[in-house]
> 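I have a structure here, written as structure tokens, and I will follow up with some questions on it.
Note that the coordinates shown come from a computational prediction; the quantities given were computed from them, not determined experimentally.
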Amino acid sequence: VESQFIAWLREHVPPHPRLRLGIGDDAAVFRLPPQEECVVTVDALMDGIDFRLGAAASCRFPPVTPQFVGRKALAVNLSDLAAMAARPLLGVVALILPKKDGLKIAQGLYEGMLPLAEKYDLAIAGGDTNSWEGPLAVSITLLGQVAGRGPLRRSGAKPGDKIVATGHFGGSLLGKHLQFEPRLQEALYLNEHFRLHAGIDVSDGLSLDLSRLAEESGCGAVLDLTAVPIAEEAERLAEQSPGGRTPLDHALSDGEDYELLLAVPPEEAEKLLAEQPLETPLSSIGEFITEPGLWQREGAAPRRPLEPRGWLHDFS
Ligand SMILES: [Mg+2]
């Protein structure tokens, strides 16, 4: 079955000018752009944790197919490159397949991945495929190239910087977590045209990832609760369980929004928000401060601590 899969891959994964040697040898060989810094990132997704193969994600959503999983596995990696403002170069894909329907699942995963790879000019250089009696796991490693201004990091936010967010937050479980568009073009454009101090992509929850960015930067962050752009899906989730969590609560802690949080100097943020240069709306949702920790502000009331909440991987 493995040789059958490799034959399938050779037929379906297009060659890329960046690759001198792609799928089929013991390792791939590629041309690195001269004198450029390279960014590398890896992510692993597991059935039962990051997705449920075959499960209906919601009543309005089709079952989770291998195609959706493949797309998501690549998209979360691309989102990490976006967070660094790095251009995708090349990816390698490790698949741990269940014995049952392994080949069909593997092909489906690639069918989900390849259109996204093509869209973002990513060369798929190869990978590894194994099977076992356990559930599906997918791990993708990407290499990226940073542009002239260098990588966007978590550690550059300064007190006084505005917190600028792309898009809307909350309710991703209703479908966005499988279908989101990584904010790559947005990140590359913004990093090229504006002075950004720091950035992170929101994978685990707006409040949690914002607190991580602030901590890495050695400062604090105040979130203006009235300014948080709430997704329509968050409203719908809240409606579905009356008396449960509010739409804002969903927006602050659901995670898997894969939007960007940026630290932008105030005068630059003003320009950025007035210009709104992207299709995706940009909002200012607070600012960084000297005092460490995560804080919330609502109207004129004094700021109060905000507990960072979101998705935490649990291990000991
Ligand atoms: Mg990330």
Side-chain angles (χ1 to χ4, degrees), residues 39 41-46 49-52 57-58 61 64 67-88 91 112-113 115-117 119-120 122 138-142 144 151-154 163-191 196 198-213 223 228-234 236-237 247 250-263 278-283 285 308-313:
V39 174
T41 180
V42 61
D43 246 303
L45 267 63
M46 288 161 292
I49 303 285
D50 303 284
F51 58 88
R52 282 174 207 283
S58 82
F61 208 69
V64 179
Q67 282 81 356
F68 276 124
V69 175
R71 187 191 185 282
K72 177 173 181 173
L74 182 54
V76 298
N77 270 286
L78 290 170
S79 181
D80 275 329
L81 287 188
M84 307 295 292
R87 202 176 290 286
M113 258 181 270
L116 204 59
K119 179 169 182 183
Y120 293 105
L122 173 81
V138 185
S139 176
I140 300 181
T141 301
L142 294 189
L152 196 56
R153 299 168 54 179
R154 291 185 181 185
I163 306 166
V164 174
T166 61
H168 298 84
F169 293 85
S172 65
L173 210 59
L174 290 184
K176 188 183 178 186
H177 78 116
L178 290 172
Q179 289 183 305
F180 68 92
E181 203 58 57
R183 296 296 186 198
L184 253 173
Q185 274 146 2
E186 290 84 352
L188 292 170
Y189 181 89
L190 293 177
N191 195 43
L196 311 178
I200 192 170
D201 66 320
V202 177
S203 50
D204 297 341
L206 170 56
S207 59
L208 185 56
D209 286 318
L210 176 60
S211 74
R212 288 170 173 156
L213 177 58
L223 201 53
V228 173
I230 297 173
E232 185 247 328
E233 289 81 0
R236 262 200 289 143
L237 267 189
H250 281 288
L252 294 181
S253 61
D254 277 359
E256 300 216 289
D257 304 292
Y258 297 102
E259 298 293 349
L260 298 173
L261 296 178
L262 305 166
L278 307 175
E279 260 175 59
T280 315
L282 293 166
S283 334
I285 59 171
R309 275 174 310 118
W311 174 258
L312 286 170
H313 290 276

> May I have the step-by-step check of side chain to side chain contact (heavy atoms under 4.5 Å, CB included) for L190 and L278, ending in yes or no?
CA-CA 9 Å; L190 293 177; L278 307 175; 3.9 Å; yes
> Taking all atoms of both residues into account, what is the closest heavy-atom pair of R183 and G167, and its distance?
NH2-CA, 4.4 Å
> Take L262 and I163 through the test side chain to side chain contact (heavy atoms under 4.5 Å, CB included) and record every step on the way to the result.
CA-CA 6 Å; L262 305 166; I163 306 166; over 6 Å; no
> How would you list, by chain and number, every residue that makes a salt bridge (Lys or Arg N to Asp or Glu O under 4.0 Å) with E233, sequence neighbours excluded?
none
> For residues I140 and V76, determine if any side-chain heavy atom of one lies less than 4.5 Å from a side-chain heavy atom of the other.
no
> Indicate the atoms forming the closest heavy-atom contact of A75 with P182, along with that distance.
O-CB, 3.9 Å
> Is the shortest heavy-atom distance from the side chain of P281 to the side chain of H168 under 4.5 Å?
yes
> Mind checking the NZ-CG spacing from K119 to L78? Nearest 0.5 Å is all I need.
10.5 Å
> Does any N or O in the side chain of S207 come within less than 3.5 Å of the main-chain N or O of G310, such that one atom is a donor and the other an acceptor?
no
> If only side-chain N and O atoms count, and only distance matters, is there a donor-acceptor pair under 3.5 Å linking E186 with T280?
yes
> Could you please spell out the steps behind the side chain to side chain contact (heavy atoms under 4.5 Å, CB included) verdict for L223 and L252?
CA-CA 10 Å; L223 201 53; L252 294 181; 3.5 Å; yes
> Just verifying a value: how many Å separate S139 OG and L45 CG, rounded to the nearest 0.5 Å?
9.0 Å
> Not counting sequence neighbours, which residues clear side-chain hydrogen bond (donor to acceptor under 3.5 Å, both in side chains) with R154? List them please.
none
> For D254 and S172, work out which heavy atoms get closest and say how close.
OD2-N, 4.4 Å
> Decide yes or no for H250 and R236: does some side-chain heavy atom of the first lie under 4.5 Å from some side-chain heavy atom of the second?
no
> May I ask you to decide if L142's main-chain N or O and T41's side chain share a donor-acceptor pair within less than 3.5 Å?
no
> Considering residues at least two apart in sequence or located in another chain, which fulfil the ring-ring contact (aromatic ring centres under 6.0 Å, His included) criterion with F180?
Y258
> With sequence neighbours excluded, tell me which residues meet side chain to side chain contact (heavy atoms under 4.5 Å, CB included) with D209.
I200, V202, S203, D204, R212
> Could you report the tightest heavy-atom contact between A165 and L261, atom names first, then the distance?
CB-CD2, 3.8 Å
> To the nearest 0.5 angstrom, please state how far the CG atom of L173 sits from the NZ atom of K176.
13.0 Å
> In Å, rounded to the nearest 0.5 Å, how long is the span from CG of L81 to OH of Y120?
11.5 Å
> How far apart are the closest heavy atoms of G171 and L237, and which atoms are they?
CA-CD1, 3.6 Å
> Can you pull the side-chain hydrogen bond (donor to acceptor under 3.5 Å, both in side chains) pairs that have at least one residue in residues 71-85, sequence neighbours excluded?
R71-E181, K72-H177, K72-E256, S79-D201
> Compare every heavy atom of D50 with every heavy atom of A44, then report the nearest pair and how far apart it is.
O-OD2, 3.9 Å
> List for me each residue that meets side chain to side chain contact (heavy atoms under 4.5 Å, CB included) alongside A251, sequence neighbours excluded, and say none if there are none.
F169, V228, I230
